[in-house]
Amino acid sequence: MFFRSVFLKSLRDYRVAILGWGIGMGLVIVSPMASVAELISTPQQRAALATLAAQFAWNADPVAADTIGGYATFKIGVFVFLICVWPLLAASRTLRGEEDRGSLDVLLSLPRSRLQVAVQKTAAIWTALLAMALIIGLIAYGGGTGFKAGFTLADGLLLGLNLALICAVFAGVALLISQFTHERGPAAGATGGLLVVFIVVDMVHRVIPNTEWISRLSPIYYYNLSKPLIPTFGTSATGMLILLALALLLTVAAVFLFVRRDVGDVVQVPGLARILPPSAGPSRALPAGDWSLRSVYARSLGMIAMPTFWWMLLIASFAAWMVAVVEQMVGRLNDLLNGGNAPLALQILKNISGSATALNAIFLGAMFELLPVLLMAFAVTQVNRWTADQDDGRLEIVLSTPQSRLQVVLGRFAALATATVLIGVVTLLASAAAAAVAGVQLDSANLAEATLGMVPLGLLIAAVGYLAAGWLRSAADTGLISFVLAAWFFISFIGPDLKWPEATLRLSPFYYYGTPLLHGMELGNVVVLVGVAAVALALGALRFTRKDLAV
């Protein structure tokens, strides 16, 4: 049945993602409800929690944080936007990815117009997002009923729909950008960067007064206008309609451009038409005599130079911005801790952030939780490039020269490791400079360990991706490691709330990262991360040296 149309075939390809992301994100939303009961057992605790949550406004609007639905909405905060990773990868792959592989030429040779193919493929992505929304809504309602949160089934479904709409917006962004790139990787990377930028832009008005007009430039702002799990707040029809309009506008524009350009080519920007040749773009040209042709390692560095620069700029800027704004939040929190509810506030702060000392480090420790995830997301995009080169036959050209398979795989991974270390070092320098300018007192050694400690996490997810690439094609490999990343984050972010045993928490590499801004990073934990990454890379390299590249 699923092979009767392009729509059904595409939807069938998304079946694992629908179940994985739908169930996973539903559990992420429900899990904080399990721990909030002990935080609001008395009126004093509810008051302290509501006041304290206001100091963490960078994470989410602290609306009714002393209720079950409000606390769940506040706790997941910006981390809920991890779900946007799947639509930006799927949308950048659905047309541009198939053009790279040449499979779109085969599909268009059948009696189907370009418009039909594009519409059915994008409709499959939207349908998959709605299916995820349904699963998320049902799980949220089930959790709310079990913990007596007070919201209805309609509220749970509206939460899922709101998530589906923001995902559709970023799917539209990726689909549109892919019309201007020759490969799907740059489109996915640029969209991921914009996701981070929009998250930061939305934070601005919650941290800096009188800047709401800036946050209105971000689609995240309109997502946050609705809080269905808080019955007293409800859902903003205006915000959801704006998201729907943005998603439709971006998707229609992308389909319009796709129908009118050459397959395999990009949209020619009028201002650049006189500069760029009408043939294949610069990414297709052979850089004869270029320094990067001296080795596989050098060529790999040249290939990832621009993505590394943009990801480095985004991650380092985000870290510096967080350091710069933490001082004013600490000042407001000191007033709370000096008040009559100080003991309760300290207890709640420990539950939220893991400690109740060194306020600068506590705030930055909570905010820095996102940085390793961003660095690992960068590694995921580069693993996608590796598997795509295998699928598209580009590695066969490299291997036709006197290069061994082991040399090729290690050279590519070494280039990715170099880029990861560079991002960590620049993030450290940017954070230290921002701390010096803003007058934020931080332990220099702990700051270095917090930023450079992200590097083993990036190498670990990359090594796992290289290992999986020995058996899976590009779409499946990227989807698998994206889901693994989300699962690791779920274990570390939600597991402590659910009182999971330490043995379970140790399954996530974030456990070994710990809270280095507060306590430093243990050498034994670094050894564990590097050791697991080395084993995964060794097995992946062994598989690559023995596999048939056509499989």
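None of these values were measured; they are calculated from a predicted model. All values below come from the heavy atoms of this structure, side chains included, with hydrogens, waters and symmetry mates left out. Along the sequence shown, residues are numbered consecutively beginning with 1.
Shown are Ile68, Asp61, Leu229; of these, the side-chain contact (heavy atoms from CB on, under 4.5 Å) with Thr73 is made only by Leu229.
In this structure, Pro32 and Tyr71 have side chains that are in contact, with non-hydrogen atoms separated by less than 4.5 Å. Side-chain contact between Ser300 and Leu416 is absent, with no heavy atoms from C-beta onward closer than 4.5 Å. Side-chain atoms of Ser5 and Gln120, non-hydrogen and from C-beta on, do get closer than 4.5 Å to each other. Contact annotation: the side chain of Asp155 never approaches that of Leu159 to less than 4.5 Å [non-hydrogen atoms, C-beta and beyond]. Considering only heavy atoms from C-beta on, Lys121 stays 4.5 Å or farther from Leu11 through its side chain.
Between Arg184 and Ser92, the shortest heavy-atom contact is CB-O, 3.2 Å. A pairwise comparison of heavy atoms in Pro219 and Leu246 identifies CB-CD1, 4.2 Å as the closest pair. Pairing each heavy atom of Leu225 with each of Gly239, the nearest pair is CD1-CA, 4.0 Å. Heavy-atom minimum distance, Leu175 versus Ala91: CD1-O, 3.4 Å. In this structure, Phe413 and Ala463 approach most closely via the heavy-atom pair CE1-N, 3.7 Å.
The pair Arg261-Glu99 meets the salt-bridge criterion, with a side-chain N (NZ, NE, NH1 or NH2) lying under 4.0 Å from an Asp/Glu carboxylate O. Ion pairing between Lys9 and Asp13 holds under the 4.0 Å rule for side-chain N and carboxylate O.
Of the possible polar contacts, none joining the Arg96 side chain to the Ala187 backbone as a donor-acceptor pair under 3.5 Å is found. Within the 3.5 Å criterion, the main-chain N or O of Ala379 finds no donor-acceptor partner in the side chain of Gln382. Side chain of Ser218 to main chain of Ser215: no donor-acceptor pair is present (N/O by atom type, distance under 3.5 Å, no hydrogens or angles). With hydrogens and angles disregarded, a donor-acceptor distance shorter than 3.5 Å links the side chain of Arg15 to the backbone of Arg12. A side-chain donor-acceptor contact under 3.5 Å links Thr251 to the backbone of Ala247. Between the side chain of Ser317 and the main chain of Leu314, no donor-acceptor pair closer than 3.5 Å is present. Within the 3.5 Å criterion, the main-chain N or O of Ser226 finds no donor-acceptor partner in the side chain of Ser236. Of the possible polar contacts, one joining the Ser508 side chain to the Phe510 backbone as a donor-acceptor pair under 3.5 Å is found.
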### Task
Apply side chain to side chain contact (heavy atoms under 4.5 Å, CB included) to the pair Ile136 and Leu157, showing each step before the final yes or no.
CA-CA 7 Å; Ile136 292 171; Leu157 295 177; over 6 Å; no

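Atom OG1 of Thr427 sits about 6.0 Å away from atom CD1 of Ile315, to the nearest 0.5 Å. Leu165 CG to Leu130 CG: the interatomic distance, rounded to the nearest 0.5 Å, is 8.0 Å.
Aromatic ring centres of Tyr141 and Phe151: separated by at least 6.0 Å.
Ring geometry, Tyr466 versus Trp386: the interplanar angle falls under 30°, so the pair is classed parallel (tilted spans 30 to 60°).
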